[in-house]
Amino acid sequence: MADALAWTNARLATCAPTRDHPRAVVNATLICADGKIRYAGPTDEVPREFAAELAHAQDVGGAWITPGLIDCHTHLVFGGDRSEEFERRLEGASYAELQAAGGGIFGSMTATRNADSETLFGAAASRLRTLAATGVTTVEIKSGYGLDTATELRMLEVNRRLQAADNLPDVVSTCLAAHALPPEYSDRRDRYIRTLTDELLPEVAARGLASAVDAFGEHIAFTADEIERIFVTASALGLQLKLHADQLSNQHGAALAARFGALSADHLEYTDSDGVAAMASAGTVAVLLPVAFYTLRESRVPPIAELRRAGVPMAVATDANPGSAPTLSLPLAMNMACTLFGLTIEEALLGVTRNAAQALGLQDRGTLETGQRCDLCIWDVERLAQIVCWTGHSFLKSVVRNGVITA
Ligand code: NIG
Ligand code: FE
């Protein structure tokens with residue numbers, strides 16, 4: 001078979017939907033060709049057609065193989081730096097106070113508007129490489145620091161260049177122009193929403209610059225009525241939906257996202273039982289962002305037990321951004337999801353693989369199954385818990401993206 005790669009004497013965390021706990025296959029072999037997984041299962045059941053590949057397979061000495069990690073919520077394209085806000089918060093200022101004083105998202109907005117596209121691209125590519133070194137093979141990137149038509153489009157064009165670049169994780173682009181009300185519209189809220197629905201979103205859809213539209217539903221951002229208008233337009237344009245929901249207060253964002261059939265509702269610290277039930281019936285993924293919870297020193301955790309009981313798929317992401325989640329490590333987010341939110345190791349792993357793929361509407365990745373894209377990580381660990389339990393150390397032996405060994 002052309003361009004075949006094979007690994008044997010492996011342990012597979014397939015992350016596939018199966019009742020077999022913990023979705024692990026020991027004494028396993030994985031064979032990929034033409035960028036797709038051709039076989040993932042017990043070595044003694046490898047079909048005869050793969051005899052040649054098996055004979056040349058690399059013995060990984062019992063190492064664990066997982067799907068390539070998927071970071072399904074980031075804000076990686078931005079200008080400037082907000083470490084000064086970090087210092088202000090150490091002195092007691094809150095995230096909402098900093099934003100009210102023109103900082104927070106507005107600080108990044110000014111720096112992003114002032115940065116040229118080349119600078120934005122170079123900085124984002126470098127951040128993507130750092131994320132990739134933690135095992136990430138697919139990354140979602142939101143706009144949302146332009147907050148005017150020209151700069152929002154420019155951010156999404158940077159996403160497009162990142163998508164086309166070699167040697168970077170696969171990029172999924174989301175339009176988050178409804179991230180905050182820009183100061184020049186402070187007494188014209190309706191006008192800003194109309195700019196999005198009448199100008200920006202149609203252009204984004206026509207040019208294929210994003211596959212989804214996101215919004216920040218919060219007292220410091222947009223109301224449910226405003227988000228509804230955005231969602232109605234985005235849906236009609238064939239764009240998928242996501243929502244920053246109930247992060248700092250209960251705005252009934254989870255229920256709103258579910259009502260529109262959104263792919264995901266993200267954050268969810270203040271989501272109530274009705275929100276959880278609505279997400280469960282709509283199949284909306286709960287994207288947990290524990291690094292933002294940690295950075296902002298929040299005290300209220302998302303309703304994990306209820307989400308679990310209702311069968312809502314839970315994803316875990318970095319939320320990588322210069323303010324509320326300055327990190328470029330998805331395993332760190334997994335660690336915090338377990339330590340701060342009480343996820344199990346298996347939930348954390350499904351959260352950055354199968355459920356993260358679902359949060360992006362991607363069906364071709366997130367599990368080790370025949371026919372899936374060959375995105376995988378080989379980990380030099382005895383137990384998968386080691387990957388999550390340690391911070392600041394990488395157990396990665398090798399990363400394969402789209403059938404190509406990248407690390
Ligand atoms: O996901 N919650 C709103 N948006 C981002 C923060 C972005 C920022 O602070 O720049 C978040 O935490
Ligand atoms: Fe975010």
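Just so you know, ligand 1 is whichever comes first in the structure, and atom 1 is the first atom listed for that ligand. Remember, it's a predicted structure, so these values are computed and weren't measured experimentally.
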Within 6.0 angstrom of Gln163 CD, more than 12 heavy atoms from elsewhere: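 Correct, the count exceeds 12.
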Whether over 12 other heavy atoms sit under 6.0 Å from Glu84 CD: no
Ligand 1 atoms in contact with [X] (distance to a heavy atom under 4.0 Å):
X      : value
His179 : 3 (C), 4 (N), 5 (C), 7 (C)
His75  : 1 (O), 5 (C), 11 (C)
His73  : 1 (O)
His267 : 1 (O), 2 (N), 11 (C), 12 (O)

Polar contact flag for Asp319 and ligand 1 (N/O pairs, less than 3.5 Å): yes
Region of Glu218 engaging ligand 1 - heavy atom pairs below 4.0 Å: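 Under 4.0 Å from ligand 1, Glu218 contributes no heavy atoms.
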For ligand 1, the portion of Phe78 having any non-hydrogen atom under 4.0 Å away: neither
SG-CD distance between Cys32 and Glu53, expressed to the nearest 0.5 angstrom: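 Here the rounded value is 10.0 Å.
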Note the single closest protein heavy atom to [atom], along with its residue, its atom name and the distance in Å.
atom                    : answer
atom 6 (C) of ligand 1  : Tyr95 OH, 3.1 Å
atom 2 (N) of ligand 1  : Gln247 OE1, 2.7 Å
atom 12 (O) of ligand 1 : Ser324 OG, 2.6 Å

Candidates Asn321, Leu176, Thr110 - the one meeting side-chain contact (heavy atoms from CB on, under 4.5 Å) with Tyr145: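 Of all the options given, the one that passes is Asn321.
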Positive for side-chain contact (heavy atoms from CB on, under 4.5 Å) with Leu200, one of Thr195, Leu153, Val213, Asp148: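 Option passing the side-chain contact (heavy atoms from CB on, under 4.5 Å) with Leu200: Leu153.
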Closest candidate by heavy atom, reference atom 7 (C) of ligand 1, pool Phe216, Phe106, Tyr145: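 Going through Phe216, Phe106, Tyr145 one by one, Tyr145 has the nearest heavy atom to atom 7 (C) of ligand 1.
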Regarding [X] and [Y], do their side chains bring together a donor and an acceptor under 3.5 Å, going by distance alone?
X      : Y      : answer
Ser249 : Glu218 : yes
Asp246 : His267 : no
Arg154 : Ser117 : yes
His73  : His244 : yes

At the Fe ion (ligand 2): angle between Asp319 atom OD1 and His244 atom NE2, to 10 degrees: 170°
His73 N/O/S atom closer than 2.8 Å to the Fe ion (ligand 2):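 Yes, since at least one N, O or S atom of His73 sits under 2.8 Å from the Fe ion (ligand 2).
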